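The structure displayed is predicted, hence computed values, not measured ones. A note on names: the letters A, B, ... follow the listed sequences, proteins ahead of strands, and every chain is numbered from 1.
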Amino acid sequence: MRRALPEALLAAMLTAVLAVPIFGLRIHVDGIDVSLDRTPTPVVVAVVIVFLLRLFQGPLRAAWARARPPAAWRNPLADVLRRTRQQPRYRTLLWMLLLIAAVIWPFTASRGAVDVVTLALIYVMLGLGLNIVVGFAGLLVLGYAAFYAVGAYTYALLAQHYGLSFWLSLPVAGVLAALTGFLLGLPVLRLRGDYLAIVTLGFGEITRLLLNNLNVLTGGPDGIGNIPRPTLFGLEFGRRASEGNATFHEFFGIDYSGEHAVIFLYLLGLALVVLILFVINRLQRMPLGRAWEALREDEIACRSLGLNPTVIKLSALTLSAAFAGLAGAFFAARQGYINPESFTFIESAMVLAIVVLGGMGSQLGVMLAAIAITALPELAREFNEYRMLAFGLVMVLMMIWRPQGLVPATRPRLELPERAEPTP
Amino acid sequence: MNTFSRNVLGAAVGAVVLVLGGVAHAADTVKIAVAGPTTGPVAQYGDMQMMGAQMAVEQINAKGGVDGKKLEAVIMDDVCEPKQAVAVANQIVNDKIKYVVGHLCSGSTQPASKLYEEEGILMITPAATNPAITQQGYQMVFRTIGTDDQQGPTAGKYIATTIKPKKLAILHDKQQYGEGIAKEVDKTVKAAGIKPVLFEGVSKGQTDFSALITKMKKEGVDFVYYGGYHPELGLLLRQSREQGFDAKYMGPEGVGNKDISAIAGPASEGLLVTLPADFSTDPANASLVKAFKDKGQDPSGPFVMPSYSAVQIIVDAIQGAKTEDPVKLADYIRKHSFPTPIGKVAFKENGDLKEFEFVIFEWHADATKTPVKQ
Amino acid sequence: MSGSPLLEFIQQTINGLTLGSIYALIAIGYTMVYGIIGMINFAHGEIYMIGAYVGLLVITVLSLFGVDSISLILLATLAVSILVTGSYGWAVERLAYRPLRGSPRLVPLISAIGVSIFLQNYVQLGQGARDVSMQPVLVGGWRFGPEDGFQVYLSYMQVLIALITVVSMTVLTLFISRSRMGRACRACSQDRAMANLLGIDTDRVIALTFVLGAALAAVAGVLVSMYYGLVNPFIGFIAGLKAFTAAVLGGIGSIPGAMLGGVVLGLAESFASAYLRTEYKDVVAFALLIGVLLVRPSGLLGRPDVEKV
C-alpha cells in the first residue's frame, strides 16, 4: 500500500497528460474562427478511474484471482475439441453437423443477417487462403488484397467486355490471380522475413494505384458497375430476366422474392468455402503441405533435406493467391459494382488479423475469426462511434490474452510411450 | 422445414435480427431510411444529409405527420464504403423500409441502388452526383442534386467564354467525384477550343503539393480547375501562394465549404466555386433557415436542403398519390412536380432533376461568397 | 513564359528535401523499434498524428493568449508535443506491446494494427473527424532567379524544417553513440538476451526506444502542423506508410538509413510528380522500394541478416 500511492499518483498524472490534449481541449473551427472548447469532465473521470484502479491494484488482483472459475470448466469447448481431435470419427461428424446447420440456417434467418454472413464468407475464403502462406509456410504477406483485386477485376472485366458468365469467369479469376502470385513470387520470395512483408505491401499498393490510374482499362475511380449476379444453371435471380433467359422464380413457378438471390449467394459462398477447405485439407496431408510447415519451422534444415525452398514457397503463394482470386470474383458478384477503394491496405491488414486472431494454421479458428471480425462490427452498428474503437481494443486484448488465437492449431504429434521400469 | 424447427432456429436467429435492425413494431409509422456516412473520413458531409432529413421529419411530424402517421428517420451508416453500403441496403430491405434518402457517396450509391431497384424501394439521393447512377435504366432511383455532367459544363463554359485562360491546368483527386467533374470540364473546354496544358490527379489525403505547383509555375499556368474536395484544394491554394504561383483557381461544390477559408486563409480570396444556388439565402426558406439556426445547425452546407427536399418529396408523393406503394410512388414522382426548399422540383424520365441550376460564386477569405455575374 | 530547367530542378530538389525531412523524422521511430525488438510498429503513424494535433492545439492556445514570438511558439510547442506524444509512446508500449514480449513475431504486429485502429478512432472521438486547420505561423522566404521569369523559392519554414531535422538527428546520433543509455540501446539491438544477462534493464531500454521514436514523431507532427496547417485523425496512416517505406528503403534498423531513405523517398516523389505525372508518384515510390530491395535485400544501408542455425 505504501508504494501504491506514489505509483497511483504517477499513473494519474500520466493519464492527465494523455487525456487533456485529446479530450480536455477541443479545437473548434467554424469558418475562419478557431476557438477552443474546454471539456474537463472526461479527463477528470479518466484520471480518477486510473488513480483508484492503480491504488487498489493489489486487492483487486487478488479478488480477480479468487473470482476466476476453476480451469476445468473455463473452456467447455476445449474438451469437445480435444475429443474430436483424438477421434477422426467425431471430427467428421462435427464438420458434417456444422455444414448441415450452415446450409439450413439462411432459410430461417433474416435477409440482412444472411447478407452479412455472406460478406463474412468472403473473409473466410480470404482468411483460409492467406493462412496457407502465413499460417503454414510462415511467410508474412501484407499485400493480399492485390490478388483479391485481380480476381474481382477479372470477373468484372470479362463480364463487361465479353459478357462471360460468373461460372466461366470464376476459374479464370482464380488462374489469373495465381499467375500474379507466381510472377510476384519468382523474384521476391528470396527475400526473407519482414522484407518480404514490405515488398508485398508495396506490391499491394501499386496494384491499387494502377487500378485507380489506368482509367481506360479499369474505369479508374469510377470502378465497374452492373456486374451480373451468378446464375443457377442459367436461371437468373432478378425480378425480370435479361434477353433470352429465364428467371429462377418463373422457372419454379414461385413468387419473386429478393431473398432467393441473397440465399443463393450465401450458398454459393458456402460451396466455395467448402471447396477451398477440401483442397487445403488434402494438400496439407500431402508432401507439399508437409513441406510448407517444415519450411516454416526451419528453412536451413529443409534445404539440407533436399527440399527446394523457393519451389515450396512459390507453390504456397500461388495457391493462396488463387483462392484470393476466387474470393475476389465472388465479391464482385455480390457487390455488382467494384472500385479500387475496396482493395486498400486496410483490407490486407484485416485478413491478416483474421488469420492471427483465429490462430495461425488453424482452419476452424480462421473461420471463426472471419465471422467475428465481419459480423461483430455489424452487430454493433448502433454504437457507431465506439464500434471501431472497441474493435481496435479487442484486437490488442486478444493478442494479450490469447496470442495463440481463438482455436490454436494443433500439429499431429507422435510421442514415444514412456519407458517401462527397467526390470532387474 | 417443419414449424417446430423453424421456431427454434428462428428464436436463435431472432436475437441477431433484433440487434441488427430492430423489429418493425408499430404499423402507424412511416419509416424512411437515411443512409450515408455518420462515421469515417467523410462523416461531415453525412452530417449535412442527416441534419436536413431529420429537420424535415421533425417539421412534418409537427404538422401531423403523413396522413396521421408518424414519420420516422432510420439512420444507417455506410461509412461511404461500397461493401458496407450493400450490407446497409440489405438491412433496409430486411427491415421492410420502403423509402431511402441516400446514399451520399456515388461509390456506395451505385451498388446499393441495384438492390433498391430490384426490391422496389424508392431511393432519392440528395448528394451522389455521378451521372452513371441514373444511367442504369432504373425506375426507383431519383436524385435531388445536380450531376457532374451538369456542373462540369457550367464551369467549363465559364472558363472558356469569360476567363479565356492562356494556359489552363485541370487537376482532380483521383476519386469518382473529383475526376468525374474534372473530365466534364475538360470535355467542355476542349469543345470550346482550349486545350489544357495539364490534366493530372493528386491523391486523396495528400498534403504536399509543392512539386505539382512548381510544375504548373514553370509551365506558366494562369488558371487551375480542381475537381475534388476542400482539404486538398485548401492546401493547394495555400502552398501556391507560398511559392508565389498566382493563378486563379476554380472548384466544384465539394470545395465550397467554410473550411476552405480556414485552411487556405487569405489564399482563398478570389477562388471561383460552382455551387447549387444557395438555398439558405432564398427568402422563401427564411423560416426553415431560422429553424436550423435555432438548433445551432448550419443550413448552408450543399446537401442539407436537397436532403430536406428528398424527405419532403416522399411525403408529398404519399399524400398526393394516396398510397404507400413505392413503385406507384415512383411513377407519381416522375409525373408531378413538388414545391421544396430547393425550388419547384420535377424529374426527368431517368430520375434526374429536370432543372438544377449551378451558380458561380466568388469565394472570400472570410468564408463568405458572392455570386459572379455571367 | 517558361522557366529554366535548372531552376526548376533546384526548386523540385528543395521540395523533395522538405518532404523527405519529415518522412525521415517519422521513419526513425520505425527503424529504432525494429532495430531493438524486431517489430513493425504500425501504430507509429498514429503517434505522429497525435503529435500534430498537440502541436496545433498548443499553437492555437498560444495565439489565443497573444503570444507571437516565433521562437517561443516553436519551443513551447515542441516541448509540450514531445511530452504528450512521448507519453503516448510509452503508454502504448507498456499496455499493448510489453505483455507480448517473447510471443511469435506476428502477435505484436496484430496488436500494433489494433492500437492503430484504436488511436485513430480515439482521437476522432475526442477531436471530431473534421479537418482542423490553422494559419501559418512563419511566412515568407527567399526568392532567387530572374525577376520576370521562374523564381526559385525557399521559404523560412522549409529551412526551419531542414534545420530542426538535422539538429534532432544529430542529437539522437550523439545520444545513441555516446550516452550510457544509448550504449544500452545498441547492446539490446545486437543481442537482447545477452544485454539482459549483463545487467541492462531491457524493458527500460525498449520503453526508452518507444519514447524517443515518439518524440521524433512529435517533432515531425509539430513541423507538419506549422507547415501544412491541416490535421485530421487519418493523416497518420498515409504518413506512416510512407515513413515506413522510407525506413525499409534505407535499411530498417539503421538510423542513418532512415534519414537517407526519407530523403530518397521525398526526392523520388517530388521528381515523379514533376517529370512524370502526379498520380504516379506513389507508384514510383513503391516501385523504387521493391527495386532497391531486390538488388539490395536489406535496404540501402541495412546490415545483411546473418543466418543462424
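- Side chains of A:Phe23 and C:Leu125 form a contact here, defined as non-hydrogen atoms less than 4.5 Å apart.
- For C:Leu293, the parts lying near chain A are the backbone and the side chain together; criterion is any non-hydrogen pair under 4.5 Å.
- When heavy atoms are compared at a cutoff of 4.5 Å, A:Leu196 does not approach chain C at all.
- For chain A, the nearby part of C:Ala91 is the side chain; its heavy atoms alone come within less than 4.5 Å.
- For the residue pair C:Ser87 and A:Val17, the shortest heavy atom distance occurs at OG-CG1, 3.6 Å.
- Neither the backbone nor the side chain of A:Val355 comes within contact range of chain C; no heavy atom of the residue lies under 4.5 Å from a heavy atom of that chain.
- The two atoms that bring C:Val54 and A:Pro21 nearest to each other are CG2-CB, 3.9 Å, heavy atoms only.
- Both the backbone and the side chain of C:Leu57 come within less than 4.5 Å of a heavy atom of chain A.
- Here the side chain of C:Tyr122 pairs no donor or acceptor atom with the backbone of A:Leu389 at under 3.5 angstrom.
- C:Pro99 touches chain A through its side chain: at least one heavy atom from C-beta onward sits under 4.5 Å away, while N, CA, C and O do not.
- Between the CD atom in A:Glu205 and the OG1 atom in C:Thr245 there is a gap of 8.5 Å [rounded to 0.5 Å].
- In this structure, chain A has no heavy atom under 4.5 Å from any part of C:Val284.
- A side-chain donor-acceptor contact under 3.5 Å links A:Asn213 to the backbone of C:Glu279.
- Heavy-atom distances place both the backbone and the side chain of C:Ala287 under 4.5 Å from chain A.
- Proximity to chain C (any heavy atom under 4.5 Å) is restricted, for A:Met350, to the side chain, taken from C-beta onward.
- When A:Asp37, A:Asn212, A:Val199, A:Val20 are compared by the number of non-hydrogen pairs under 4.5 Å with chain C, A:Val199 comes out ahead.
- Atoms CG and CG, from A:Leu357 and C:Leu106 in turn, are 11.0 Å apart once rounded to the nearest 0.5 Å.
- Chain A forms more heavy-atom pairs under 4.5 Å with one residue of C:Asp131, C:Ile113, C:Ile117, C:Ile110 than with any other, namely C:Ile110.
- Contact detail for A:Arg26 and C:Gln127: the closest heavy-atom pair is CA-OE1, 3.5 Å.
- For C:Arg277, the CZ atom is densely surrounded, since the number of other residues' heavy atoms within 6.0 Å is greater than 12.
- Contact annotation for C:Tyr97: neither backbone nor side-chain heavy atoms come within less than 4.5 Å of a heavy atom of chain A.
- A:Ile22 is listed as a side-chain neighbour of C:Tyr88, based on a closest heavy-atom distance under 4.5 Å.
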*asked:* Walk me through whether A:Tyr195 and C:Ile252 qualify under side chain to side chain contact (heavy atoms under 4.5 Å, CB included).
replied: CA-CA 9 Å; A:Tyr195 289 101; C:Ile252 195 153; 3.4 Å; yes

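- Contact annotation for A:Leu201: only side-chain heavy atoms (C-beta onward) come within less than 4.5 Å of a heavy atom of chain C.
- Considering only heavy-atom pairs separated by less than 4.5 Å from chain C, the leading option among A:Val356, A:Ile27, A:Val134 is A:Ile27.
- When the shell of 6.0 Å around CZ of C:Arg204 is examined, it contains 12 or fewer heavy atoms from other residues, nucleotides or ligands.
- Rounding to the nearest 0.5 Å places CZ of A:Phe203 at 13.5 Å from CG of C:Leu289.
- Interface residue A:Leu14: only side-chain heavy atoms are found under 4.5 Å from chain C.
- Top candidate by heavy-atom pairs under 4.5 Å with chain C, chosen from A:Ile198, A:Thr39, A:Leu210, is A:Ile198.
- For C:Leu119, no part sits under 4.5 Å from any heavy atom of chain A, backbone or side chain.
- Nearest heavy atom pair, residue C:Val283 against residue A:Ile206, reads O-CD1, 4.0 Å.
- Rounding to the nearest 0.5 Å places OG1 of C:Thr60 at 10.0 Å from CG of A:Leu25.
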